[in-house]
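Everything on this sheet refers to the single structure shown next.
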Number of protein chains: 2
Amino acid sequence: MDIQLKRGLLDVCVLAAIRSEDSYGYKIIKDMKPYIELSESTLYTILKRLEAANMLTVQTAEHGGRLRKYYRITRAGEKRIEEFKADWKEILSIYRFVTKEGNDND
Amino acid sequence: MDIQLKRGLLDVCVLAAIRSEDSYGYKIIKDMKPYIELSESTLYTILKRLEAANMLTVQTAEHGGRLRKYYRITRAGEKRIEEFKADWKEILSIYRFVTKEGNDND
DNA sequence: TGTTATATATCGTATCACGAGGTATTGTTG
DNA sequence: CAACAATACCTCGTGATACGATATATAACA
């Protein structure tokens, strides 16, 4: 997928990945993989950004001797998803504009 | 609309705006306005980029004493639109991922 | 004269995905 | 044990890019 297109989808995808259940970095990447791929450096950058924007909270937990940082979505994060849904109407309008067989003079 | 989301749509929107008929900067902005808004500085940056990528060609013409640069889409530009259509399938998949498991109606 | 519309262009800034690289532990295999 | 993969986190530099601010110039109009 076009990298610029990804930019507008990644944040909201990460939020969706932790929406139903708290999750951690490594797992988020795996869960998102069928839909959209991203590198670790990208994901951790996004998580930091979303935390700074209060769209998720984090708590560290130990699991099998390894450290895990569990992320939980906040109300602001859920609102971000709602905003994406609102944007979706515009995206559909743009899609129709781009895909319509332009011939008539409008 | 979210600015990051715009990033992935603007290029292809500009191409769509000149697809059916050659057009120029000022008119492109107006034609796109119902679907997506962009500033002049953004548009001219995009036109330069698309020209450098051979997705459009340009020819200058005078109109009522004022200079106009008419842009015409190339085969590469049309291919770019086709690539967007291909990306669309992934976008839909992501949309479903983001909006699913919301038991609440909306 | 002054203002708005038309029409193009450049520059600096902020944002952001990603590759490259780093740290550390657990599990597995020869 | 040694070697390596998998798990799990993090930082830094770079390139891409939307946009506000700014500049230039003509036409239309009050």
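Every chain is numbered from 1 and lettered A, B, ... according to where its sequence line falls, protein lines coming before strand lines.
Nearest nucleotide to the side chain of B:L10, out of D:dC9, D:dC19, D:dT11: D:dC19. Of the candidate nucleotides D:dG20, D:dC9, D:dT17, D:dC9 has the atom nearest to the side chain of A:R68. Nearest nucleotide to the side chain of B:R66, out of D:dT26, D:dG20, D:dA18: D:dT26.
Within the 4.5 Å cutoff, the side chain of A:F84 has heavy atoms near those of the B:L5 side chain. A 4.5 Å side-chain heavy-atom check between A:L50 and A:R80 finds every atom pair outside the cut-off. In this structure, A:Y26 and A:Y24 have side chains that are in contact, with non-hydrogen atoms separated by less than 4.5 Å. Residues A:I46 and A:R49 form a side-chain contact, since some pair of their non-hydrogen atoms from C-beta on lies under 4.5 Å apart.
Closest-nucleotide positions on DNA chain C for B:Y26 and B:T45 were compared, and the one nearer the 5' end corresponds to B:Y26. Both A:L38 and A:G65 lie near DNA chain C, and the one whose nearest nucleotide falls closer to the 5' end is A:L38. Toward the 5′ end of DNA chain D lies the nearest nucleotide of A:Y44, the other residue of the pair A:Y44 and B:I46 mapping further downstream.
A single hydrophobic cluster is not seen to contain both B:I3 and A:I91; linkage of ILVMFWY side chains at heavy-atom distances under 4.5 Å, directly or through other members, places them apart.
Within the structure, a side-chain polar atom (N or O) of B:T42 is placed less than 4.0 Å from OP1 or OP2 of D:dC19. Distances shown here put every side-chain N or O of B:K6 at or beyond 4.0 Å from the OP1 or OP2 atom of D:dT17. Contact annotation: A:K30 reaches the phosphate of D:dT7 (side-chain N/O to OP1 or OP2, under 4.0 Å).
For the residue pair B:T45 and B:T42, no side-chain donor N or O sits within less than 3.5 Å of a side-chain acceptor on the partner. For the residue pair B:Y70 / B:R72, no side-chain donor-acceptor distance below 3.5 Å is found, with atom types taken as modelled.
Atom CG in B:D11 sits roughly 12 Å away from atom P in D:dC19 (whole-Å rounding). The interatomic distance linking A:L43 (CG) with D:dC9 (P) rounds to 9 Å, in whole Å. Protein atom CD of B:E62 is 12 Å distant from nucleotide atom C1' of D:dA25, rounded to whole Å. Regarding A:K27, its NZ atom lies at a distance of 19 Å from the P atom of D:dA6, rounded to whole Å. Going from atom CZ of A:R49 over to atom P of D:dC10 covers 15 Å, rounded to whole Å. The distance from atom CG of B:L9 to atom C1' of D:dC19 is 17 Å, rounded to the nearest whole Å. The distance between atom NZ of A:K48 and atom C1' of D:dT11, rounded to the nearest whole Å, is 8 Å. As rounded to whole Å, 13 Å separates atom P of D:dT7 from atom CG of A:D31.
The overall bend of the helix from C:dT1-D:dA30 to C:dG30-D:dC1, read as the angle between its terminal helix axes built from five base pairs each, is 10° when rounded to 10 degrees.
Taking 3.5 Å as the limit, the base of D:dG20 and the side chain of B:S39 contain no donor-acceptor pair of atoms between them.
Distance alone, capped at 3.5 Å, is enough to place a donor-acceptor pair between the B:T74 side chain and the B:N54 backbone. Counting only distance, with no hydrogens or angles, the side chain of A:R7 and the backbone of B:K6 share no donor-acceptor pair below 3.5 Å.
Salt-bridge annotation for B:D31 and B:K27: present, with a side-chain N of the basic residue lying under 4.0 Å from a carboxylate O of the acidic one. Look at A:R75 and A:E78 and you find no salt bridge, because none of the NZ, NE, NH1 or NH2 atoms lies under 4.0 Å from a carboxylate O. Using a cutoff of 4.0 Å between basic side-chain nitrogens and carboxylate oxygens, B:K79 and B:E82 are not scored as salt-bridged.
At the heavy-atom level, B:E40 lies under 4.0 Å from base atoms of the strands shown. B:R7 comes within 4.0 angstrom of a base, heavy atoms only.
For DNA chain C, none of the residues of residues 71-80 of chain A falls under the heavy-atom distance limit of 4.0 Å.
Taking each heavy atom of B:S93 and A:Y35 in turn, the nearest pair found is OG-CD2, 3.3 Å.
Along DNA chain C, read 5' to 3', the first and last nucleotides having any atom under 4.0 Å from a heavy atom of chain A are C:dT15 to C:dT26.
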